[in-house]
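Here is how names work: the chains are called A, B, and so on, in the same order as the sequence lines, proteins then strands, and each is numbered from 1.
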There are 2 protein chains.
Amino acid sequence: MQLELSVDRSSPVPLYFQLSQQLEAAIEHGTLTPGSLLGNEIELAARLGLSRPTVRQAIQSLVDKGLLVRRRGVGTQVVHSQVKRPLELSSLYDDLEAAGQRPATRVLVNELVPASAEVAAALGVAEDSDVHRVERLRLAHGEPMAHLCNFLPPGLIDLDTDQLETTGLYRLMRSAGITLHSARQSIGARAATTEEADRLAEETGAPLLTMQRVTFDDTGRAVEYGTHTYRPTRYSFEFQLLVRS
Amino acid sequence: MQLELSVDRSSPVPLYFQLSQQLEAAIEHGTLTPGSLLGNEIELAARLGLSRPTVRQAIQSLVDKGLLVRRRGVGTQVVHSQVKRPLELSSLYDDLEAAGQRPATRVLVNELVPASAEVAAALGVAEDSDVHRVERLRLAHGEPMAHLCNFLPPGLIDLDTDQLETTGLYRLMRSAGITLHSARQSIGARAATTEEADRLAEETGAPLLTMQRVTFDDTGRAVEYGTHTYRPTRYSFEFQLLVRS
DNA sequence: GTAGTCAGATTGTCCGGACATGCCGATTGA
DNA sequence: TCAATCGGCATGTCCGGACAATCTGACTAC
């Protein structure tokens with residue numbers, strides 16, 4: 001069976017991108033079965049009226065996503081999936097929404113405070129200079145799931161409490177024109193203090209999952225520092241990772 | 001100041017790789033300062049006697065690593081670092097060794113057992129069929145740090161207890177010719193049972209950091225399933241992640 | 001003085017070709 | 001029958017060029 005592929009040269013969408021999307025859809029849909037060979041590049045290019053570099057670029061992007069494996073002298077084959085999405089920088093809000101959980105947010109604090117030494121170091125600002133402090137409680141099915149405490153440098157974004165309750169922080173930042181680039185993360189665990197336990201409806205001393213994160217935009221500025229605690233009975237970090245080769 | 005770059009055409013190492021390594025070293029070393037522009041591709045290609053696609057391939061690999069950012073009409077600039085390593089599939093052993101911690105391993109169990117339903121599902125083998133079971137205690141500075149329980153399908157690798165004590169499981173698998181491709185991971189937390197507490201020199205009910213992982217090779221076979229528990233006072237997961245754009 | 005326009009610079013996309021490299025099967029030889 | 005060699009095949013690397021898209025800054029017009 002021949003896979004139906006076609007490209008639209010009048011579209012502003014790059015040709016290699018059109019192709020990679022079609023291939024990805026075919027893999028997702030099961031038309032390209034795991035382990036099956038994706039006929040040689042030369043012929044594929046000829047069939048589509050594309051050049052080999054363009055076809056290679058499309059295939060390479062899927063290899064980088066972990067969907068395909070190339071073997072010299074053999075060909076390109078579809079990975080026996082199990083592959084979902086690799087870990088990406090996502091907000092808890094988006095994660096929950098993608099899982100169909102209807103997340104709710106309660107903003108506890110939204111104010112300007114002088115930066116502590118810890119916050120100043122993380123954000124790269126002067127100590128005691130003003131920073132935004134946002135504390136939120138994230139709920140799913142009416143039950144508290146996580147406590148999120150974030151610090152942001154001033155002047156970057158307009159933090160509206162109403163918007164914070166209806167969407168995620170990252171989405172707000174992206175729509176404010178900030179291009180997120182990378183983040184440094186640390187995941188650990190500790191026993192809940194009485195205050196933390198109260199907030200999350202747990203017992204004092206109960207195990208909590210913690211995450212700290214500093215996010216940078218593409219100019220290298222720190223744009224957010226967060227300290228989060230999660231109820232481990234309600235949430236765990238799940239992700240896929242690829243071996244860089 | 002001109003950055004000193006050169007390529008060796010007689011080397012079997014690909015030219016784009018030689019170039020990307022030199023650029024990466026210059027960034028690491030601080031010769032290329034964060035935010036500085038990396039002169040245009042055309043001129044760079046001419047200076048090195050390379051073609052533009054080759055130079056682009058080198059630059060692209062560093063963009064993928066998060067070290068560089070390209071802007072159309074502007075140029076390519078070095079990211080204001082803070083960038084260490086992105087998250088990769090690594091063994092605890094390698095992580096500790098890289099941190100200069102001289103890890104030690106004590107093999108507690110190394111046997112063939114019938115697969116439980118959970119293990120069979122994770123590895124994709126029949127229930128009650130034989131699988132390797134390896135239990136190890138990982139120590140740093142003489143103190144227990146983590147308890148590692150792994151299951152492997154039979155026939156893949158020769159599990160020598162002595163080798164397991166002197167190196168990591170992943171290194172063993174790689175040297176056995178297995179090409180690791182991806183892994184599905186889950187990180188959570190829970191209270192220690194009495195048995196777990198004893199093993200890790202913690203109190204019963206103390207918070208533990210947990211990680212479960214299924215690793216796949218490039219043919220899509222599950223090659224390892226692991227259930228690990230870490231002492232959160234001694235270990236946390238630290239990593240960098242890039243925004244896929 | 002301010003806003004709109006234009007030109008230069010630089011990366012993004014795409015082409016067509018060439019040769020090298022590694023893998024696999026088939027043929028050949030023992 | 002089995003092992004070694006050889007050749008075909010598919011990807012890997014590299015070239016040189018062409019045009020498009022986008023950003024910046026300077027110039028111009030109002």
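- The existence of a salt bridge linking A:Lys65 and A:Glu24 is confirmed by a sub-4.0 Å separation between a basic side-chain nitrogen and an acidic carboxylate oxygen.
- Residue B:Gln77 contributes atom CD, which lies 13 Å from atom C1' of D:dT24 at whole-angstrom precision.
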Under 4.0 Å protein heavy-atom contact, by nucleotide of nucleotides 22-27 of chain C - B base, S sugar-phosphate only: BSS---
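- One can find a donor-acceptor pair under 3.5 Å joining the base of D:dT13 and the side-chain atoms of A:Arg52.
- Following rounding to the nearest Å, B:Leu44 (CG) and C:dT10 (P) show an atom-to-atom distance of 12 Å.
- The shortest distance between the side-chain N/O atoms of A:Ser51 and the OP1/OP2 oxygens of C:dG17 is not below 4.0 Å.
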Trace of the salt bridge (Lys or Arg N to Asp or Glu O under 4.0 Å) decision for A:Arg52 with A:Glu43: CA-CA 9 Å; A:Arg52 183 155 87 115; A:Glu43 192 217 340; over 6 Å; no
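- To the nearest 0.5 Å, the span separating CG on B:Asn150 from CG on B:Leu169 amounts to 5.5 Å.
- Contacts of B:Pro53 with the nucleic acid, taken as non-hydrogen atoms under 4.0 Å apart, include base atoms.
- Taking B:Thr161 as the reference, B:Asn110 meet the side-chain hydrogen bond (donor to acceptor under 3.5 Å, both in side chains) condition, with sequence neighbours excluded.
- Set against D:dT11, D:dG16, C:dC14, the side chain of A:Ile42 has D:dT11 as its closest nucleotide.
- Here A:Arg70 reaches the OP1 or OP2 of D:dG12: one of its side-chain N or O atoms lies under 4.0 Å away.
- In this entry the distance linking CD1 of B:Ile59 with C1' of C:dT11 reads 9 Å, nearest Å.
- With C:dG12, D:dC14, C:dC14 as the candidates, the nucleotide lying closest to the side chain of B:Pro14 is D:dC14.
- Side chains of B:Asp130 and B:Val113 form no contact here, defined as non-hydrogen atoms less than 4.5 Å apart.
- With rounding to whole Å, B:Gln60 atom CD is found 16 Å from D:dG12 atom P.
- Ring orientation note: the planes of A:Tyr225 and A:Phe151 are close to parallel, at an angle under 30° on the 30°/60° scale.
- Of the candidate nucleotides C:dT11, D:dC15, D:dA10, D:dA10 has the atom nearest to the side chain of A:Asn40.
- Between the CG atom of B:Leu48 and the C1' atom of D:dC14 there is a distance of 14 Å, given to the nearest Å.
- No side-chain N or O of B:Thr105 forms a donor-acceptor pair with one of B:Arg136 less than 3.5 Å apart.
- With hydrogens and angles ignored, the 3.5 Å screen pairs no side-chain donor or acceptor of A:Glu224 with any backbone N or O of A:Val214.
- In terms of phosphate contacts, B:Thr76 brings no side-chain nitrogen or oxygen within less than 4.0 Å of OP1 or OP2 of C:dT10.
- Of the candidate nucleotides D:dG12, C:dT11, D:dC14, D:dG12 has the atom lying nearest to any side-chain atom of A:Arg56.
- Ranking C:dC15, C:dT13, D:dC15 by closeness to the A:Tyr16 side chain, first place goes to C:dT13.
- Position along DNA chain C of the nearest nucleotide to A:Val13 versus B:Glu41 favours B:Glu41 as the more 5'-ward residue.
- The CG atom of A:Leu68 sits 11 Å away from the P atom of D:dT11 (whole-angstrom rounding).
- Whole-Å rounding puts the B:Glu43 CD to C:dT10 P distance at 9 Å.
- Atom CG of A:Leu62 and atom P of D:dT11 are 14 Å apart (whole Å).
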